[in-house]
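Throughout, protein chains are lettered first and strands after them, A, B, ... in sequence-line order, and every chain is numbered starting at 1. Note: hydrogens, waters and symmetry copies are ignored here, and every other heavy atom, side chains too, is used.
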Amino acid sequence: MKKEPIIHVKNVSKSYPIAGKEFMALKQIDLSLNEGEFAGIVGPSGSGKTTLLNIIGSLDKPTQGDAFVLNKDIKALSHNEAASLRNYHIGFIFQVFNLLPVYTVFENVEFALLLQNNSAKERREAVMRALNWVGLTDHADKRPDKLSGGESQRVAIARAMVKAPKIVLADEPTANLDSENAHEILKTMKKLNQELGTTFLFSTHDEKVMGYLDRIIHLRDGKIEKDEKNKL
Amino acid sequence: MIKFIIRGILRDKSKSIIPIAVISVGVMVTVMMSGFLEGVFSDVINQNAKLDTGHVKIMTKPYAENKEQLPNDLALLGINELIDSLNLNYPDLIWTPRIKFGGIMDVPDASGNTKLQGPGIGLAISILSEESGELQRLQLNKSLKKGRLPKRSGEIILSDNYATKLNISPGEKITFFGSTMEGSMVFQSYEMTGTVEFGSPLMDKGTFIIDIRDAQNMLDMENGTGELLGYFKDDKYDDQKALVIAENFNAKFQESKDEYAPVMFTLKDQNGLRESLDMGDAFSGIFIFIFILAMSLVLWNTGLIGGLRRYNEFGIRLALGESKNNVFKLLLIEASVIGLIGSIIGTSLGLVFCYYLQEVGIDISKDVANSTIIMPSVMRAYVTSDLFYIGFIPGLFSMLFGTALAGRGIYKRETARLFKELEV
Ligand SMILES: Nc1ncnc2c1ncn2[C@@H]1O[C@H](COP(=O)(O)OP(=O)(O)OP(=O)(O)O)[C@@H](O)[C@H]1O
Ligand SMILES: [Mg+2]
């Protein structure tokens, strides 16, 4: 029996009303990801990458078509159900690091766990484990403004990973990093993908990122142009 | 989570300092104004009560109608019997007669010729009887400027200004010229023993005080008085109680054919106090309301600006799986904490200011020197229990209200939009 895909996007379109007209950001997208994939959506600016990730991440709803994530119909989820799905199963990493400046590294990572009813001890263990994955245990008590860009993005990865989600969605995670840090980040994520089996879906137009991907989905003007295995 | 959020606000000074400052100032001004108005109002009440109106006052109907003219020909008679029955019927009150009368004071020189003279208002009170409580009530010991208080019949004290005007010092003789209740001429010599300052410009201008018995004798008012004042024994004016007593008393004389039947007035129903005090109450109510409204608007605005700056944070929290409800709820909790801190600071500052004004006061005697109503010459604030919540509660709620309005934005926006804004 064939395994159910962890992400299943069927005939999804998304339009935005712009100046009275409907602007189609996504046009009839079909896409499936299996558990444990390390895939990327690649395309020029404005091609709809973020829009697609937001729908998969239940931050947004498709105008047409259906998106299933972990067998849940994104369109049918209530706001609270969507929040709960994100809370337990989906980790986000953004282009800008988006750490909360008033909190320490430890607290930023812990924040993701506060909505789940874990004890302080469990949280502490999980946070330190996640910081260990990204090699930042020494920086736990620092504030984000004391960190380099690469370190900040690693905190964001730890924050996404700390709840051991099934899926991590990373929207141009290397766009603000120099090449050395970008490679560092990608290696970290690839390692987590292999060790924990977490499914990763990137959006990027960064050549360096493409080098690490197992699968590249080319997006242009809201349409999938090409979906290929990456020969590493 | 709540602890976490609160830790966040405490660390981020910029997020909390402006609203806290706004609330503090708003609450402080509210507390200050309330304490000040409270102080002035209760001083006005107290001073009227002790110098003029009593907590309730009994006069004859025609006397009451012409009381500005001090018409002692219309005086109450048979007051000993009246007081006995009042004591029986209204045990909460203590009764004391006062006679006000006009006349001319004449200061003779060594040979008995007029040195200086001037008109004055006489106030006859039970100064020689201990149980009347008039000495304490009028705080004559405290207001004594020169000399001593009368100890026996035939002694007189003057308001300090009046004594200065007449150039008379304690120990000297002074003669009163006036008319009796019946209208015959009378003059009587007194020994001046001291001067007092009432703290009310109207009274300080030209008042002299003699004992009620001297006045009754001199003015042919045996067992009579112009006014019979009642004071609550606990010394606190209770308008509700006073109204009931007055109504009860007046009902008994409603049908009376006697044109000199007594009639009782409450403190507030004299000197137009009810109108002005009610107006003052209304004004302070309106003032506080407007203040809260303005404070809410300012806080709404700071809340909005703060909220916009925080869309980034809200976006992250939503992405991490927090529900909008939860973000909103925590925003309100934050607002409560900030409102609480601001209200505590504001209330404390306001109380300190009121305490200062209570102890020191603002001297307005120059401005009201020609006042024709009885009002204190030093305006003071009073620290009352009201002040602890009068600013506090509005401070807290305006912050909550402002934030709630601002926070609705979280709901209005689509989740993804909340996010878009953090990509730029
Ligand atoms: N909320 C929105 N309202 C209107 N138009 C939108 C909205 N979100 C996205 N768009 C439009 O949809 C198109 C796709 O946007 P999207 O952000 O998905 O592109 P992208 O591939 O992520 O681009 P980039 O590489 O610049 O991040 C763009 O033309 C954008 O202007
Ligand atoms: Mg994008």
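In the displayed structure, A:Lys10 atom NZ is contacted under 6.0 Å by at most 12 heavy atoms of other residues, nucleotides or ligands. For A:Gln28, the CD atom is loosely surrounded, since the number of other residues' heavy atoms within 6.0 Å does not exceed 12. Sparse packing is recorded around NZ of A:Lys72, with 12 or fewer heavy atoms of other residues, nucleotides or ligands lying under 6.0 Å away. Other residues, nucleotides and ligands place more than 12 heavy atoms under 6.0 Å from the CG atom of B:Leu349. Counting heavy-atom neighbours within 6.0 Å of A:Arg220 CZ, excluding the residue itself, gives a total of 12 or less. Heavy atoms of other residues, nucleotides or ligands lying less than 6.0 angstrom from CG of A:Asn117 number 12 at most. The number of heavy-atom neighbours closer than 6.0 Å to CG of A:Asp221, taken from other residues, nucleotides and ligands shown, is 12 or below. Atom OH of A:Tyr88 has more than 12 neighbouring heavy atoms from other residues, nucleotides or ligands inside a 6.0 Å radius.
Considering every non-hydrogen atom in both A:Phe92 and B:Ala319, the closest pair reads CD1-O, 3.4 Å. Residues B:Gly321 and A:Arg86 share a closest heavy-atom pair of CA-CB, 3.8 Å. Minimum heavy-atom separation, B:Gly8 to A:Tyr103: CA-OH, 3.3 Å.
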Worked verdict on A:Arg159 versus B:Leu320 for side-chain contact (heavy atoms from CB on, under 4.5 Å)
CA-CA 9 Å; A:Arg159 182 176 62 189; B:Leu320 289 176; 3.9 Å; yes
Please assess A:Thr104 against B:Arg11 for the test side-chain contact (heavy atoms from CB on, under 4.5 Å), listing each intermediate value before the final yes or no.
CA-CA 11 Å; A:Thr104 63; B:Arg11 285 192 200 155; 4.3 Å; yes
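From B:Asn326, atom CG reaches atom CG of A:Leu115 across 6.0 Å, with rounding to the nearest 0.5 Å. With rounding to the nearest 0.5 angstrom, the CG atom of A:Leu114 is 9.0 Å from the CD atom of B:Glu322.
Ring planes of B:Phe4 and A:Phe111: perpendicular class, angle over 60° (limits at 30 and 60°).
Residue A:Glu110 touches chain B through its side chain alone, counting heavy-atom pairs closer than 4.5 Å. In this structure, no portion of A:Lys61 lies under 4.5 Å from any heavy atom of chain B. Proximity to chain B is absent for every atom of A:Arg123, based on heavy atoms less than 4.5 angstrom apart.
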